[in-house]
Amino acid sequence: MDLTREQLLEAYRKMRMIRAFEEKLGDLVTAGKMGGFMHLYAGEEAVAVGVCTHLGQVDTVASTHRGHGHCIAKGVDVSAMMAELFGRATGCSKGKGGSMHIADVDKGMLGANGIVGAGIPLATGAALTAKLKKTGGVSVAFFGDGASNQGAFHESLNMAANWKLPALYVVENNGFGEFTPTEFVVPVKDIAVRATSYAMKSLIADGMDFFDVYEKTGEALEHCRSGQGPVLLECKTYRFAGHFVGDPLVYRSKEEAEDWIQNRDPLDNFEEHVLEASLVDVDDLRRIDLEVQEELTAAVEAAEAAPFPGLEEITTDVYCTAGEGA
Ligand SMILES: Cc1ncc(C[n+]2csc(CCOP(=O)(O)OP(=O)(O)O)c2C)c(N)n1
């Protein structure tokens, strides 16, 4: 493992921030201070952070409806994300996007996306740009097991493989698409095998284990960056919360969820690993926990104090507007 102590602490900070950010959202929604439709990423932190720890400024990421984790892992400012969720003008999409439209192109975050599977062709296009412009960058698409049944997934993989694009397709197999267990709708046990149709390399990682995701991503990116074409990386994971905030969770057993939450939490796994191997000190981890809470408190205060976008903003940043008299 080639990560320095600083890089490990940064990875932990990102995972802790994703978890704490979403816990904060839960509190704000319950208190009636925040509205909007939200899908939580808790439980899947090791995937976003394990992958993005390999990425730099030149690399791009396309995300999903469950996008908070990808945005934080790719370095989007947490304060701007919080303001976005409060619908304020200081939000990263000027308060007009909300949870499913958080984006920051300067950071290489091409956007969360409310359309299942729609980030996959976006990332493919960005990979084509990287190849044509010889930026040396790679493009990553995160998406769920459900999205791997969409035509856009198959069309993108076919094109990327044929053109040997520097694209990494990360399928977050969390066992469900909305309220339906994956095995009801996907006939293969491992979604990774779908790469075979496109003569593409594939890998499978334990998505609850940062170190396994980090290692497999390293192998995948070596392949992409050396011009050998795209890779499909399947991360086996579990979403701790429901499909959306407010999901009554009647389609899975409490025992199943508790087993994952108690025994396979990616943050607990990370902590156990780094402490056992004496890679960092426990005090560092607890200091980061406090700093994350302070940052979030400040983000909420700043967001609540910020203005809503003005009415004049209603026709800006959109592709088409109703004409005069329409
Ligand atoms: C094209 C399209 N079809 C259906 C939906 C409704 N929908 C939203 S999330 C979701 C399930 C997606 O499952 P998966 O891709 O496995 O991602 P997960 O929610 O498990 O992260 C569906 C069907 C949508 N938003 N877009």
Side-chain angles (χ1 to χ4, degrees), residues 15-48 63-73 76 78 80-88 91-93 95-103 111-119 142-147 149-150 172-185 207-208 237-262 264-267 292-293 296-297 299-300 303-304 308:
M15 290 205 288
R16 175 57 66 201
M17 178 57 88
I18 296 169
R19 180 70 57 88
F21 182 85
E22 293 200 328
E23 282 168 357
K24 183 65 86 184
L25 299 189
D27 294 347
L28 289 163
V29 170
T30 310
K33 289 187 168 184
M34 184 179 276
F37 204 55
M38 256 174 247
H39 306 84
L40 302 185
Y41 192 70
E44 307 185 26
E45 293 90 346
V47 180
S63 172
T64 68
H65 54 287
R66 200 175 300 289
H68 306 149
H70 310 133
C71 293
I72 292 172
V76 179
V78 167
M81 284 177 66
M82 190 61 83
E84 186 58 39
L85 288 157
F86 270 100
R88 307 301 163 122
C92 47
S93 301
K96 297 189 288 183
S99 171
M100 282 184 271
H101 299 97
I102 293 173
N113 208 311
I115 303 171
V116 169
F142 288 102
F143 52 94
D145 40 279
N149 299 323
Q150 293 282 67
E172 301 176 314
N173 186 351
N174 62 16
F176 297 92
E178 285 198 339
F179 322 112
T180 307
T182 308
E183 63 263 25
F184 267 58
V185 285
M208 309 307 275
T237 182
Y238 196 80
R239 65 165 150 74
F240 284 179
H243 171 59
F244 63 99
V245 175
D247 177 352
L249 275 171
V250 292
Y251 51 89
R252 72 184 195 193
S253 74
K254 278 203 175 79
E255 292 72 28
E256 174 192 291
E258 273 310 297
D259 185 37
W260 283 85
I261 293 167
Q262 295 305 326
R264 304 199 52 194
D265 186 319
L267 281 142
V292 161
Q293 288 302 338
L296 283 171
T297 303
V300 171
E304 286 186 306
F308 288 103

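We number each residue from 1, following the sequence as shown. Basis for what follows: all heavy atoms, side chains included, without hydrogens, waters or symmetry-related copies.
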I want to check something: taking the side chain as every heavy atom from C-beta on, are Thr237 and Asn173 in contact at a cut-off of under 4.5 Å? no

So Asn174 and Tyr41, do their side chains get closer than 4.5 Å, heavy atoms only? no

Which of these, Met208, His70, Glu172, sits in a side-chain contact (heavy atoms from CB on, under 4.5 Å) with Val47? Glu172

Tell me, do Leu28 and Met82 make a side-chain contact under 4.5 Å, heavy atoms counted? yes

Between Ile102 and Ser93 the two heavy atoms that sit nearest each other are CA-OG, 4.0 Å

Taking only residues two or more places apart in sequence, or in another chain, which ones meet Met100 in a side chain to side chain contact (heavy atoms under 4.5 Å, CB included)? Phe37, His39, His65

So, do Glu256 and Tyr238 sit near enough that their side-chain heavy atoms are less than 4.5 Å apart? yes

Could you list the residues that satisfy salt bridge (charged side-chain N to carboxylate O under 4.0 Å, His left out) with Asp265, not counting sequence neighbours? Arg19

Would you call Phe86 and Val300 a side-chain contact if the rule is heavy atoms closer than 4.5 Å? yes

The criterion is salt bridge (charged side-chain N to carboxylate O under 4.0 Å, His left out); which residues satisfy it with Lys24, sequence neighbours excluded? none

Using salt bridge (charged side-chain N to carboxylate O under 4.0 Å, His left out) as the criterion, list what pairs up with Glu304, not counting sequence neighbours. Lys33

Are the side chains of Ser99 and Phe244 in contact, using a 4.5 Å heavy-atom criterion? no

What verdict does the side chain to side chain contact (heavy atoms under 4.5 Å, CB included) test give for Glu44 and Arg66, after you've listed the backbone C-alpha separation in whole Å, the side-chain angles of each residue and the deciding distance to 0.1 Å? CA-CA 10 Å; Glu44 307 185 26; Arg66 200 175 300 289; 3.9 Å; yes

Going by the rule salt bridge (charged side-chain N to carboxylate O under 4.0 Å, His left out), which residues pair with Arg239 if we only count those two or more places apart in sequence or in a different chain? none

Partners of Thr30 by side chain to side chain contact (heavy atoms under 4.5 Å, CB included), sequence neighbours excluded? none

Are the aromatic ring centres of His243 and Phe179 under 6.0 angstrom apart? yes

With a 3.5 Å distance limit and no angle check, can you tell me whether Glu22 reaches the backbone of Leu40 through a side-chain donor-acceptor pair? no

In terms of heavy-atom contacts, Leu267 and Met15 come closest through CD2-CB, 3.7 Å

Run the side chain to side chain contact (heavy atoms under 4.5 Å, CB included) check on Thr64 and Asn113 step by step: do they pass? CA-CA 5 Å; Thr64 68; Asn113 208 311; 5.8 Å; no

Just so I know, are the side chains of Leu25 and His68 near enough to count as touching, which here means a heavy-atom distance under 4.5 Å? yes

